[in-house]
Amino acid sequence: MSPLTSAVQSLLGLQLSQEQEAAFARYAAELAEWNQRINLTALDQPEEIEVKHFLDSLSAWLALRATPTGRVIDVGAGAGLPGLPLKILHPALDLTLVEATGKKADFLTHMVQVLRLEGVSVLAMRAEEVGQDPAHREQYDWAVARALAPMPVLAEYLLPLLRVGGTALAMKARDVRAEMEAGRAAIHELGGELGPLHEVQVPGLDEERYLVEINKVSATPAKYPRRPGMPSKRPLE
């Protein structure tokens, strides 16, 4: 059993297949190769990538597995985290990856092709643009983001994408309760309410990790998300 498979079993109670192990190994190799040309990650050691990227991303499954997953959108996907590890783990996911930086979006498209993943779309767009696009607005069961933005900003990126009854998942570290409180009014304005908070212990990772669920309870007002750049420049209060 590989170290990654052992850690996944410890974290999720699931065993990776040989095909999944091979997919993660190829993903790590491609990430390291592309990272020499474009800035995808500050990590360059395989062991660090496995723990701090792959395992940390897979911890999201602790929340997602509680409901039928359906359509999932990963906003600010960067190097494909957490979306691609979740897709490798659960191939039935209907996954959309949103990444505004063109070169990073190119890497995501490359990885989808290399790993022969079906049911994955890559959008080289800003989150604000996707949230106002009728093809994506209020179409998803889950909207996830990993270490992307403060809670009021993140809520404006994620909640417009969810159908009523869907859930946003914010993957956070440190000071999460204060951040949740700071985002409470914005979440309410956008049609959401704070749900469960999960504290996660990722094997091999000493830092605190949290999964914050935000439930979509009513339609997001049409004016949100605001035009690109506004959520971060003038966060909702």
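Just so you know, these numbers use all the heavy atoms, side chains as well, and skip hydrogens, waters and symmetry mates. As the structure is a prediction and not an experimental result, all values here were calculated from the model. Count residues from 1 along the sequence.
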- Can you tell me if CZ on R234 sees more than 12 non-hydrogen neighbours from other groups inside 6.0 Å? no
- Less than 4.5 Å apart, any side-chain heavy atom of L95 and any of I73? no
- What distance separates K103 NZ from W34 CH2, expressed to the nearest 0.5 Å? 10.0 Å
- Message: Using a 6.0 Å cut-off, check whether atom CD of E237 has over 12 heavy atoms from anything other than its own residue.
- Response: no
- Query: Can you check whether L169's main-chain N or O pairs, donor with acceptor, with E213's side chain at less than 3.5 Å?
  - Reply: no
- Query: Given the rule that I, L, V, M, F, W and Y join up when any side-chain heavy atoms are under 4.5 Å apart, are L154 and V217 in one cluster?
  - Reply: no
- Item | Min side-chain heavy-atom separation P85-Y27 under 4.5 Å | yes
- Message: Tell me whether V120 shares a hydrophobic cluster with L58, the cluster being built from Ile, Leu, Val, Met, Phe, Trp, Tyr side chains joined at under 4.5 Å.
- Response: yes
- Query: Under 4.0 Å between a Lys/Arg side-chain N and an Asp/Glu carboxylate O for R126 and E129?
  - Reply: no
- Would you please name every residue forming a side chain to side chain contact (heavy atoms under 4.5 Å, CB included) with A186, sequence neighbours left out? P152, L236
- State the OH-OG distance between Y157 and S232, to the nearest 0.5 angstrom. 4.5 Å
- Query: Linking I/L/V/M/F/W/Y whenever their side-chain heavy atoms sit closer than 4.5 Å, directly or via other members, would L161 and V122 fall into one cluster?
  - Reply: no
- Does the side chain to side chain contact (heavy atoms under 4.5 Å, CB included) test come out yes or no for H198 and Y210, once each step is laid out? CA-CA 6 Å; H198 310 272; Y210 297 92; over 6 Å; no
- Task: Carefully, step by step, assess T5 and E21 under the rule side-chain hydrogen bond (donor to acceptor under 3.5 Å, both in side chains).
- Result: CA-CA 7 Å; T5 296; E21 288 184 351; 2.3 Å; yes
- Without swapping roles, check the side chain of S57 against the backbone of H53 for a donor-acceptor pair under 3.5 Å. yes
- Note on the structure: For S59 and V200 the tightest heavy-atom approach is CB-CG1, 3.7 Å
- Item | Residue list, salt bridge (charged side-chain N to carboxylate O under 4.0 Å, His left out) with E99, at least two apart or on another chain | none
- Ignoring hydrogens and angles, tell me if any N or O in the side chain of R146 forms a donor-acceptor pair with the backbone of G83 under 3.5 Å. no
- Item | Q9 vs L14 side-chain heavy atoms within contact, under 4.5 Å | no
- Could you check L55 against L4 for side chain to side chain contact (heavy atoms under 4.5 Å, CB included), going step by step and ending with a plain yes or no? CA-CA 8 Å; L55 274 178; L4 179 61; 4.1 Å; yes
- Message: Could you check whether any side-chain heavy atom of S121 comes within less than 4.5 Å of a side-chain heavy atom of L97, counting everything from C-beta outward?
- Response: no
- salt bridge (charged side-chain N to carboxylate O under 4.0 Å, His left out) pairs, two or more places apart, involving residues 135-145: E138-K216, D141-R163
- Message: What's the separation between atom CE in M151 and atom CG in L194, rounded to the nearest 0.5 Å?
- Response: 7.0 Å
- Taking every non-hydrogen atom, the tightest pair across I49 and A28: CG2-CB, 4.3 Å
- So how far is it from W61 CH2 to L11 CG, rounded to the nearest 0.5 Å? 12.5 Å
- Message: Does any part of the side chain of P150, heavy atoms only, come nearer than 4.5 Å to the side chain of E179, both counted from C-beta?
- Response: yes
- Query: If you look at every heavy atom in V164 and S218, which pair is closest and at what distance?
  - Reply: CG2-C, 3.7 Å
- Residues A149 and K172: closest non-hydrogen pair is O-NZ, 2.5 Å
- Over all heavy atoms of both residues, which pair between L84 and A79 is shortest? Give the atoms and the distance, please. CD1-O, 4.4 Å
- Message: Are more than 12 heavy atoms, taken from residues, nucleotides or ligands other than R174, located less than 6.0 Å from that residue's CZ atom?
- Response: no
- State, with a plain yes or no, whether a side-chain heavy atom of T67 is found less than 4.5 Å away from one of W142. yes
- Query: Does the side chain of H188 come under 3.5 Å of the side chain of E193 through a donor N or O and an acceptor N or O?
  - Reply: no
- Looking at NE2 of H90 and CG of L86, how far apart are the two atoms once the value is rounded to the nearest 0.5 Å? 10.0 Å
- Are the side chain of Q20 and the backbone of I88 linked by a donor-acceptor contact shorter than 3.5 Å? yes
- Q132/Y224 under side-chain hydrogen bond (donor to acceptor under 3.5 Å, both in side chains): CA gap, chis, key distance, verdict: CA-CA 8 Å; Q132 288 291 359; Y224 300 119; over 6 Å; no
- Item | Nearest non-hydrogen partners of G192 and I214, listed with the distance | CA-CG2, 4.5 Å
- Stepwise side chain to side chain contact (heavy atoms under 4.5 Å, CB included) test for M171 and V144: CA-CA 8 Å; M171 305 181 72; V144 302; 5.6 Å; no
- Task: Please state whether the rings of Y140 and H136 are parallel, tilted or perpendicular, taking 30° and 60° as the class boundaries.
- Result: parallel
- Query: Under 3.5 Å, side chain of E156 to main-chain N/O of P160, donor-acceptor pair present?
  - Reply: no
- Message: Regarding E181 and R177, does a basic nitrogen lie under 4.0 Å from an acidic carboxylate oxygen?
- Response: no
- Task: Keeping to residues at least two apart or across chains, list the salt bridge (charged side-chain N to carboxylate O under 4.0 Å, His left out) pairs with something in residues 73-97.
- Result: none
- Query: Do E128 and R226 sit within salt-bridge range, that is, some charged N less than 4.0 Å from a carboxylate O?
  - Reply: no
- Item | Verify same cluster id: L115, V112 (apolar side-chain graph, 4.5 Å) | yes
- Note on the structure: For Q139, the side chain to side chain contact (heavy atoms under 4.5 Å, CB included) test, sequence neighbours excluded, returns R71
- Query: Which residue pairs satisfy the salt bridge (charged side-chain N to carboxylate O under 4.0 Å, His left out) criterion with at least one member in residues 106-124, sequence neighbours excluded?
  - Reply: none
- Pair V130-T96, side chain to side chain contact (heavy atoms under 4.5 Å, CB included): steps then yes or no: CA-CA 11 Å; V130 180; T96 299; over 6 Å; no
- Note on the structure: dist L197:CG -> L211:CG (nearest 0.5 Å) comes out at 8.0 Å
- Connected via hydrophobic side-chain network under 4.5 Å: L158 and L123: yes
